[in-house]
Each structure stands twice: as structure tokens, then as C-alpha cells.
Amino acid sequence: MSAELLGIILFIVGVVVGLIVRHVYAIIKKNSAENEAREIIRLGREEAENLRKEADVRSKAELLAAREKLENDIKSERNEIKQQEKRLVKREDNLDRKSEALEEKEAQVRSLEERLEAKSQELTAREQEIGSLVQQQKDKLHEISHLSVEEARQEVLARTTDELDHEIAVLVERANARAKEMAEDNARKYISTAINRLAVDYTTEHVVSTVELPSDEMKGRIIGREGRNIRAFENATGVDVIVDDTPGVVVLSGFEPIRREIAVRSMKKLVADGRIHPSRIEEVVQKTRDEMKKVVEETGKAVALELDVRNLKPREVMLLGRLKFRTSYGQNVLDHSREVGFLSGIIAAEMGLDEMLARRCGLLHDIGKAVDHEEEGAHPELGGEVAKRCGEPEEVVNAIVAHHSDAAADSLYATIVQAADAMSACRPGARRETLEKYVKRLERLEAISNSYTGVERSFAIQAGRELRVIVKADKITDSEASRMCRDIAKQIETELTYPGEVKVTLVREFRITEYAR
């Protein structure tokens with residue numbers, strides 16, 4: 001029993017010791033947990049304090065940034081408000097000026113209305129006065145001449161008609177003078193501006209060209225044995241070779257300018273080379289012909305570039321280049337076309353039109369002359385067909401077709417080209433006029449004036465620039481003379497084609513001669 005009791009006691013003691021140890025361990029663990037909790041709380045408080053400080057710093061920075069942005073926005077808005085205030089002040093000033101201008105206009109309109117009203121009243125009074133005078137005249141005529149009312153009316157109407165005709169003639173003459181003065185001023189301004197801004201050199205080409213030779217011995221080589229070289233050259237070039245007694249030169253004759261130019265260049269090459277025989281002639285002529293194609297193309301491109309005329313078709317470029325070797329009345333056609341292009345552009349610019357389009361019309365207006373020796377027809381029609389096939393604008397086609405008044409001018413560009421063409425053609429020294437054509441023009445001027453009834457004599461003077469008409473004073477009155485002068489000028493404009501203008505001067509002189517014996 002004692003052993004069992006001892007075991008029980010030991011068990012109880014072990015249980016108690018275990019409980020004590022467990023309690024002690026629990027206390028130690030509790031103390032450790034409390035210490036750890038306090039450390040965590042301390043660290044948490046420190047971290048919270050740090051976060052609070054960082055948040056304070058960040059919030060202050062954001063507050064400063066927001067304040068700075070707000071200040072910038074306020075400053076910008078203030079500047080915008082100032083700008084708006086300035087604009088409003090400026091608008092107010094403009095409105096004030098406009099209001100003042102409107103008030104001045106209104107005052108002018110009121111003054112004009114008052115003057116018109118006064119004129120209207122004056123005209124009404126004048127009409128009444130005229131009516132009273134006419135009635136008095138009728139009554140007086142009836143009393144003096146014992147005419148019937150109808151007869152008096154007819155006589156008054158006839159007299160009034162004569163007076164009105166005279167007044168109308170005077171008014172028309174004054175209006176024509178004013179219109180002519182204004183037109184002359186404007187035309188003089190446009191033309192002087194155009195001419196002052198243009199300077200083109202002219203070279204006159206003929207149907208013959210001369211080639212200088214180093215010696216007369218070269219003539220024998222050119223002729224060749226039994227003339228075979230000269231025949232081969234003429235067959236290859238299509239021009240005539242004239243070898244005469246003139247020392248040091250040989251003459252090439254031909255109406256086709258490009259062929260003649262090819263012949264001249266070929267002859268110069270053969271003379272410089274010294275080898276002249278049929279096969280060499282054919283080789284040089286063919287090579288020169290190929291070079292001429294390039295020269296023609298480069299010439300067309302150069303003149304188009306000079307006038308800044310763009311997007312020309314290859315055929316148009318080649319035809320322009322061929323105009324370099326064509327002359328008309330002694331005037332080089334390409335130089336003439338270049339001048340007309342520049343003049344047309346300047347006039348169009350002065351009138352507020354498209355300068356480039358006017359230049360294009362002027363440059364291409366004589367392009368038909370490059371093909372008129374190959375096709376039948378006048379050069380304006382041929383040029384118009386070429387322009388249509390090349391897709392040129394309607395204004396260009398119409399300017400080409402109408403530049404000699406063969407067709408109606410449908411646009412101002414056609415009229416401008418007509419004026420520029422006349423300016424280039426009638427410039428002193430630009431063209432040569434044949435004697436036959438000159439005499440016919442003078443005769444036609446005198447024939448037009450002599451066809452009017454009452455004309456005694458007429459004289460075309462100043463190379464056809466002025467027409468003097470002398471009428472019979474006993475058959476033509478002053479009013480009729482004024483109308484006749486205007487009619488003659490109109491008929492000349494309609495029937496004749498001439499550069500520049502023709503001055504028509506009509507002279508009506510009444511002389512009375514008496515002799516004292």
C-alpha cells in the first residue's frame with residue numbers, strides 16, 4: 001500500500017509541478033507577448049508619425065503647386081481679360097468711326113436729296129416755263145402767219161427737231177471726247193507700263209543666207225567635178241546654192257527657213273572640215289538635221305521657261321521652236337510671239353486678270369504659222385486646231401482664233417491679245433509694209449470718206465494715220481458734220497484692219513467774199 005500511495009503522491013506531485021511549470025510558462029509567454037505587442041505598438045506609432053509627417057510635407061507641396069497653378073491661371077485670365085478689354089476698346093473706336101462715317105454719309109445723302117429736290121422743282125418750273133413759251137410761240141405764230149394749229153405744230157416740231165439735233169450732236173461730241181480722253185488715259189497707262197517693262201531684240205531674216213569661205217579655191221570644192229557636189233548638196237538640203245563672182249562667199253537661197261538653216265550649218269561644217277563629196281555631204285546634212293531637231297526643241301523649252309508658260313505638249317514646244325526660223329513682214333515670229341506674251345501678261349496684270357493665262361494666250365497666238373506651209377488654211381484657224389488637239393483652255397483657243405478678228409472674241413484675253421499683237425506689229429521698225437498694200441490702204445480710206453454725200457475732197461495723210469475730210473458747207477450743217485465724222489470713223493473701224501488708230505478730221509468752212517468797186 002505504501003508503494004501505491006507513494007506512486008499516487010508522486011503522480012499528484014508531478015501533476016502539480018506540471019501545472020506550476022505550465023502556469024509559469026504561460027506567464028513568461030504572456031509577458032513576452034506583451035513586450036512584443038508594446039514593441040509593435042511603438043513601431044506602429046513611429047511609422048504612423050513618419051507617415052503623418054510625409055503626408056504633411058506632401059500636402060504642403062501639393063498645396064503650394066495648386067496655389068502656384070491657381071495664381072498662373074488667375075494671371076492668364078487677367079491677361080485675357082486685358083486683351084479682351086483692348087479688343088473691345090478697339091471695336092468701340094471702330095464703331096465710333098463707322099458711326100461718324102455713316103453720319104457724314106447720311107448728311108451727304110440728305111444734302112444730295114435736298115439738291116435733287118431743288119433741281120426737281122427747278123426742272124418742273126422750267127418745264128412749265130417752256131410749256132408757256134411754246135404756247136405763246138404757237139399763239140404768236142398763229143397770229144402772224146395765220147397758220148392752222150396743225151401747221152404751226154409741224155413748224156414748231158421741225159424747228160425743235162433741228163435744235164435738238166444740234167444739242168444732241170454737241171452732247172455726243174462732248175461724251176465722245178470725255179470717253180476718248182478716259183480711254184486714252186487708261187490705254188496710255190497700260191501700254192506705257194507694258195512697253196517700259198519689255199525690251200526685245202529683233203533680227204530680220206530673208207530668203208537668202210551667205211556663208212563665208214576661207215578662200216575662193218573652196219568654191220571649186222563646193223561645185224565638185226562636173227557639179228556633182230553642188231547637186232548632191234541641193235538634193236540633200238532642198239535649197240539652191242549660188243556660186244558667183246562674189247569673193248569669199250557662197251549664197252544659199254530657200255523659202256523654207258529651217259531647211260535654209262540646216263543648209264547653212266551643213267555648209268559651214270563642210271567648209272571647216274574640207275572633205276566635200278556626195279557621201280560626206282549626205283552624212284553631214286543628216287547629222288545637222290538631227291541637231292536641228294534638238295535646237296528647235298531647246299528653243300521652244302527656253303521661250304516657254306522665259307515666259308513661265310508651263311505644261312506645254314511636246315508638239316507645242318516643237319512648233320514654238322520652229323517659229324524662231326520664221327519671219328513675217330521682216331519680223332521674227334518667235335520674238336514677236338514672246339513680245340506679245342509679255343505685253344498680254346502685263347496688260348492682264350494691270351486689269352486684275354490672270355497674268356499667266358494671258359501670257360499663254362499671247363505666246364501661242366501665232367503658233368499656226370509653224371504649220372501654215374504644210375496645211376491649207378489661215379494661221380489663226382490652224383493655230384486654233386493645234387491648241388484644241390493639245391487640250392488648251394477655251395480662252396487660249398479663242399485668243400488664237402480671234403487675234404486677227406476672224407472670229408468673235410469671247411473673253412477679255414482675246415481682246416488683250418489683239419491689242420498686244422497690234423502693239424508689237426505697229427511698233428516703229430517692227431514690220432515692213434509693201435508699197436502696194438500701203439497705197440491700197442490709203443485709197444480705201446479716201447474711198448470710204450468720199451462715199452458720203454456732201455464730201456468735197458478727202459486726203460489720207462501721216463502714212464494713213466490721219467484722214468482729212470472737207471465737206472460742202474452749203475449742203476452739210478454743223479450737227480450733220482459731227483454725225484458724219486463719227487460715222488466715217490465707225491465705218492473705218494468696221495471695214496479696215498490696221499495697227500494703232502486713224503484720226504478722222506472733218507472740216508466745214510463757210511466763206512463769203514464780196515468786192516467793193
| said: I need the minimum non-hydrogen distance between Met356 and Asp354, along with the two atoms involved. | reply: N-OD1, 3.2 Å
| said: With salt bridge (Lys or Arg N to Asp or Glu O under 4.0 Å) as the criterion, how do Lys98 and Asp96 come out once you've worked through the C-alpha distance, each side chain's angles and the decisive distance to 0.1 Å? | reply: CA-CA 5 Å; Lys98 289 181 179 180; Asp96 291 339; over 6 Å; no
| message | For a side chain to side chain contact (heavy atoms under 4.5 Å, CB included) check, start with the C-alpha distance between Asp290 and Lys287, then their side-chain angles and the critical distance, and finish with the verdict. | response | CA-CA 5 Å; Asp290 296 335; Lys287 185 177 180 181; 5.5 Å; no
| From OG1 (Thr505) to CD1 (Ile470), nearest 0.5 Å | 11.0 Å
| message | Would you say that Ile281 contacts Ser266 through its side chain, given a criterion of any heavy-atom pair below 4.5 Å between the two side chains? | response | no
| message | Treating Arg360 as the side-chain partner and Arg310 as the backbone partner, does any N or O pair qualify as donor plus acceptor under 3.5 Å? | response | yes
| task | Report yes if the side chains of Ile416 and Leu353 come closer than 4.5 Å at any heavy-atom pair, otherwise no. | result | yes
| query | Are the side chains of Val469 and Val507 in touch, meaning some heavy atoms are under 4.5 Å apart? | reply | no
| Intermediate values then yes/no, salt bridge (Lys or Arg N to Asp or Glu O under 4.0 Å), Arg468 and Glu466 | CA-CA 7 Å; Arg468 296 280 179 88; Glu466 184 175 354; 2.6 Å; yes
| message | Looking at every non-hydrogen atom in both residues, tell me the closest pair between Thr453 and Ile476 and how far apart they are. | response | O-CD1, 3.7 Å
| Which atoms form the tightest heavy-atom contact between Val239 and Ala263, and what is the distance? | CG2-CB, 3.4 Å
| query | Do Ile242 and Val250 touch side chain to side chain, with heavy atoms closer than 4.5 Å? | reply | no
| said: Would you compute the distance between atom CG of Asp487 and atom OG of Ser482 and round it to the nearest 0.5 angstrom? | reply: 9.5 Å
| field | CA sep, side-chain torsions, deciding dist, call: Val386, Leu382, side chain to side chain contact (heavy atoms under 4.5 Å, CB included) | value | CA-CA 6 Å; Val386 170; Leu382 297 176; 5.6 Å; no
| task | Say whether, by atom type as modelled, one donor and one acceptor occur between the side chain of Ser99 and the main chain of Leu95 under 3.5 angstrom. | result | no
| query | If every non-hydrogen atom of Val397 is compared with every non-hydrogen atom of Glu392, which pair is closest and at what distance? | reply | CG2-O, 4.0 Å
| request: State, with a plain yes or no, whether a side-chain heavy atom of Ile276 is found less than 4.5 Å away from one of Phe233. | output: no
| task | Would you check if there is a donor-acceptor pair between the side chains of Asn229 and His277 at a distance under 3.5 Å? | result | no
| Is any side-chain heavy atom of Asn332 less than 4.5 Å from a side-chain heavy atom of Phe325? | no
| query | Does atom CD of Glu394 have more than 12 heavy-atom neighbours, drawn from other residues, nucleotides or ligands, at distances under 6.0 Å? | reply | no
| What distance do Leu320 atom CG and Arg338 atom CZ have between them, rounded to the nearest 0.5 Å? | 10.0 Å
| query | Stepwise, does the side chain to side chain contact (heavy atoms under 4.5 Å, CB included) test hold for Asn398 with Val401? | reply | CA-CA 5 Å; Asn398 180 248; Val401 174; 5.5 Å; no
| request: Given salt bridge (Lys or Arg N to Asp or Glu O under 4.0 Å), test Asp273 with Arg275 step by step and report yes or no. | output: CA-CA 6 Å; Asp273 184 48; Arg275 296 176 295 167; 2.7 Å; yes
| query | Once you round to the nearest 0.5 Å, how far does CG of Leu343 lie from CZ of Arg359? | reply | 10.5 Å
| message | Check whether Glu234 reaches the backbone of Val241 with its side chain - one donor and one acceptor, N or O, closer than 3.5 Å. | response | yes
| message | For Ile262 versus Val285, what's the shortest heavy-atom pair and its separation? | response | CG2-O, 4.3 Å
| field | Student check: side-chain heavy atoms of Val455 and Leu506 closer than 4.5 Å | value | no
| field | Listed partners of Gln84 passing side-chain contact (heavy atoms from CB on, under 4.5 Å), at least two apart | value | Glu80, Arg87
| Is any side-chain N of the basic residue among Asp335 and Lys324 closer than 4.0 Å to the acidic one's carboxylate O? | no
| remark: Here the gap from Met267 atom CE to Arg260 atom CZ, rounded to the nearest 0.5 Å, amounts to 14.0 Å
| task | Identify the heavy atoms of Lys219 and Val249 that sit nearest to each other, and give their distance. | result | CE-O, 3.4 Å
| message | How long is the straight-line distance from CG of Leu252 back to CG of Asp240, given to the nearest 0.5 Å? | response | 9.5 Å
| said: Using only atom types and a distance under 3.5 Å, with no angle test, would you say the side chain of Glu297 pairs donor to acceptor with the backbone of Lys294? | reply: no
| query | Are the charged groups of Glu480 and Arg508 less than 4.0 angstrom apart, N to O? | reply | no
| request: Indicate yes or no for a side-chain donor-acceptor contact from Lys313 to the backbone of Cys390 under 3.5 Å, with no hydrogens or angles considered. | output: yes
| said: Within the 4.5 Å heavy-atom criterion, are Leu319 and Leu364 side-chain neighbours or not? | reply: no
| Would you find a donor on one side and an acceptor on the other, under 3.5 Å apart, between the side chain of Ser111 and the backbone of Ala107? | no
| query | Between His365 and His336, is any side-chain donor less than 3.5 angstrom from a side-chain acceptor? | reply | yes
| Can you check side chain to side chain contact (heavy atoms under 4.5 Å, CB included) on Val471 and Glu456, steps first, answer last? | CA-CA 5 Å; Val471 298; Glu456 184 177 358; over 6 Å; no
| message | With a sphere of 6.0 Å drawn around CZ of Arg483, does it hold more than 12 non-hydrogen atoms of other residues, nucleotides or ligands? | response | yes
| Pair Glu291 + Arg265, salt bridge at N-O below 4.0 Å | no
| request: State whether a side-chain donor-acceptor pair under 3.5 Å links Ser458 with Asn450. | output: yes
| request: Could you tell me whether Lys301 atom NZ has more than 12 heavy atoms of other residues or ligands within 6.0 Å of it? | output: no
| task | Return yes if some donor-acceptor pair links the side-chain N/O of Gln418 with the main-chain N/O of Ala402 below 3.5 Å, else return no. | result | yes
| Whether Ser120 side chain and Leu116 backbone form a donor-acceptor pair below 3.5 Å | no
| query | Under the criterion side chain to side chain donor-acceptor pair (under 3.5 Å), which of His404, His379, Arg326 is the partner of Asp366? | reply | His379
